[in-house]
Amino acid sequence: MREKAVEMLNVKQNGIYIDATTGLGGHAEAVLQGIGTDGRLIGIDRDDEALQRVKKRLSDSRVTLMQGNFSDMEHLLCTDGITAVDGVLFDLGVSSMQLRSPGRGFSFASDAVLDMRMDRNQKLSAFDVVSRYPENELEKILREFGEERLARKIAKAITQGRERKRIETCSELSKIVEKVYRVRGRIHPATRTFQALRIAVNQELVQLKKGLDASLNLLKQSGRLCVISYHSLEDRIVKHFMADNAKKGLLRIMTKKPITPAPEELRMNPSSRSAKLRVAEKI
């Protein structure tokens with residue numbers, strides 16, 4: 001939903017915009033086309049590999065790339081002398097590059113070592129969680145972050161499995177979850193488990209709440225906040241944040257219902273099926 005998100009961001013000539021999840025720079029590139037010669041784009045990402053790639057793609061004096069968490073965007077921008085912006089765009093979740101990248105350990109279809117760190121400088125990895133967390137904590141993670149109905153059984157299978165042999169790779173963990181489910185449906189049985197672990201490792205929901213607060217503080221009057229989410233936990237946080245601040249008179253909600261991908265986009269990119277775009281404007 002790149003085009004729709006950038007359209008709803010209401011990009012203005014000479015404006016200052018934040019791409020809070022720069023990834024490979026697709027949204028950033030689209031925003032650049034509308035900000036004019038004196039506009040500025042700040043691209044933030046936790047992933048150093050992504051920033052190195054986007055640096056080559058967007059060799060432009062109007063672009064400033066920063067490695068860090070979007071929850072720290074106020075501090076990051078302050079170091080560059082920016083205290084107010086015209087728009088903030090979030091495209092949440094794991095990127096296709098991270099899923100495909102050998103050794104990053106995000107995909108249940110991979111033989112890579114369990115990792116799932118978006119920032120490879122942080123210490124905690126998915127391997128640490130699977131190897132060390134007690135059964136009740138694993139169950140809580142799977143239930144709360146994956147909305148996994150078989151959380152208790154999967155947590156038990158993981159703790160029993162690691163007693164026999166260390167669970168080191170994505171494929172080893174995936175097979176354990178498959179055995180619990182026994183039957184494979186349309187969605188791979190390990191999908192929710194991997195989602196839950198990734199959220200736990202990267203503290204995604206906590207960081208999202210902080211990032212939304214930071215974006216509201218930075219937005220100028222009439223500035224836009226656009227958020228693309230991919231699962232109900234993220235979307236719920238975004239929905240409540242916008243609704244709560246609308247009641248306070250701080251935001252005007254621009255999307256009564258979330259915008260979802262058009263049929264044509266779904267045909268071209270089936271992985272976008274769960275995407276939801278919500279937009280609000282600073283009053």
Side-chain angles (χ1 to χ4, degrees), residues 20-24 44-51 67-71 90-133 137-151 154-155 157-158 162 167-178 180-181 187-212 227-238 271-276:
T21 50
T22 305
L24 294 180
I44 300 172
D45 208 288
R46 300 167 76 172
D47 193 326
D48 59 332
E49 183 180 353
L51 287 176
Q67 183 177 3
N69 198 310
F70 53 57
S71 62
F90 292 83
D91 185 8
L92 303 172
V94 65
S95 72
S96 57
M97 179 205 74
Q98 290 167 331
L99 284 171
R100 294 194 302 263
S101 182
R104 296 302 297 271
F106 281 99
S107 173
F108 51 74
S110 167
D111 286 323
V113 172
L114 283 163
D115 192 330
M116 303 191 194
R117 294 172 299 164
M118 291 181 176
D119 178 356
R120 291 183 291 182
N121 292 317
Q122 79 172 39
K123 292 182 179 180
L124 183 70
S125 70
F127 172 75
D128 298 321
V129 176
V130 170
S131 299
R132 299 204 303 259
Y133 280 31
E137 284 192 43
L138 287 172
E139 180 186 345
K140 184 179 180 182
I141 286 170
L142 297 176
R143 194 178 305 283
E144 292 186 3
F145 298 155
E147 298 180 304
E148 173 55 71
R149 63 184 179 85
L150 299 182
I154 293 171
I158 289 172
R162 72 190 186 194
I167 304 168
E168 296 184 336
T169 68
C170 296
S171 57
E172 288 171 350
L173 177 59
S174 181
K175 287 174 183 175
I176 288 172
V177 179
E178 285 186 78
V180 172
Y181 264 85
I187 298 175
H188 194 284
T191 300
R192 293 182 181 277
T193 294
F194 274 67
Q195 172 187 300
L197 290 172
R198 193 198 77 224
I199 290 172
V201 167
N202 297 289
Q203 295 187 310
E204 291 178 33
L205 302 185
V206 172
Q207 301 302 334
L208 174 56
K209 291 175 183 178
K210 292 180 179 179
L212 292 171
V227 187
I228 304 173
S229 62
Y230 293 90
H231 57 75
S232 60
L233 297 173
E234 292 173 339
D235 182 58
R236 197 175 300 135
I237 289 171
V238 176
S271 63
S272 69
R273 64 186 179 276
S274 59
K276 291 182 178 180

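Predicted model, so just to flag it, every value in this text is computed and none were measured.
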Taking C-beta and beyond as the side chain, do [X] and [Y] meet within less than 4.5 Å on heavy atoms?
X      : Y      : answer
Arg236 : Leu233 : yes
Asp47  : Arg104 : yes
Leu92  : Leu208 : yes
Ile154 : Glu148 : yes
Ser131 : Arg162 : no
Leu124 : Val129 : yes
Leu173 : Glu168 : no
Phe194 : Met116 : yes

Electrostatic pair [X]:[Y] at N-O distance under 4.0 angstrom:
X      : Y      : result
Glu137 : Arg143 : no
Arg117 : Asp115 : yes
Glu234 : Lys276 : no
Arg198 : Glu204 : yes
Lys123 : Asp128 : no

Can you name the closest pair of heavy atoms from [X] and [Y] and give their distance?
X      : Y      : result
Glu147 : Ser232 : OE1-OG, 2.7 Å
Ala275 : Tyr230 : CB-CE2, 3.6 Å
Ala157 : Val180 : CB-CG2, 3.7 Å
Ser174 : His188 : OG-CE1, 3.2 Å
Phe145 : Ile199 : O-CD1, 3.5 Å

When rounded to the nearest 0.5 angstrom, what distance separates [atom1] in [X] from [atom2] in [Y]?
X      : Y      : atom1 : atom2 : answer
Gln207 : Ser71  : CD    : OG    : 3.5 Å
Asn69  : Gln122 : CG    : CD    : 9.5 Å
Arg132 : Phe127 : CZ    : CZ    : 8.5 Å
Ser229 : Asp91  : OG    : CG    : 9.5 Å
Lys209 : Gln203 : NZ    : CD    : 12.0 Å
Asp48  : Asp119 : CG    : CG    : 7.0 Å

Ring geometry between Phe70 and Phe90 (parallel below 30°, tilted from 30 to 60°, perpendicular above 60°):
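Perpendicular, since the angle between the ring planes exceeds 60°.
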Give a yes or no on whether the backbone of [Y] and the side-chain of [X] come within a donor-acceptor separation of less than 3.5 Å.
X      : Y      : result
Gln195 : Thr191 : no
Asp235 : His231 : no
Glu144 : Ile141 : no
Ser110 : Cys170 : no
Thr22  : Ile44  : yes
Asp45  : Gly23  : yes
Arg46  : Asn202 : yes

Checking side-chain contact (heavy atoms from CB on, under 4.5 Å) for the pair Leu114/Ile167: CA distance, chi angles, key distance, verdict?
CA-CA 8 Å; Leu114 283 163; Ile167 304 168; 4.2 Å; yes
Working note: Ser171 + Asp111, criterion side chain to side chain donor-acceptor pair (under 3.5 Å); need CA distance, chi angles, decisive distance, verdict.
CA-CA 5 Å; Ser171 57; Asp111 286 323; 2.8 Å; yes
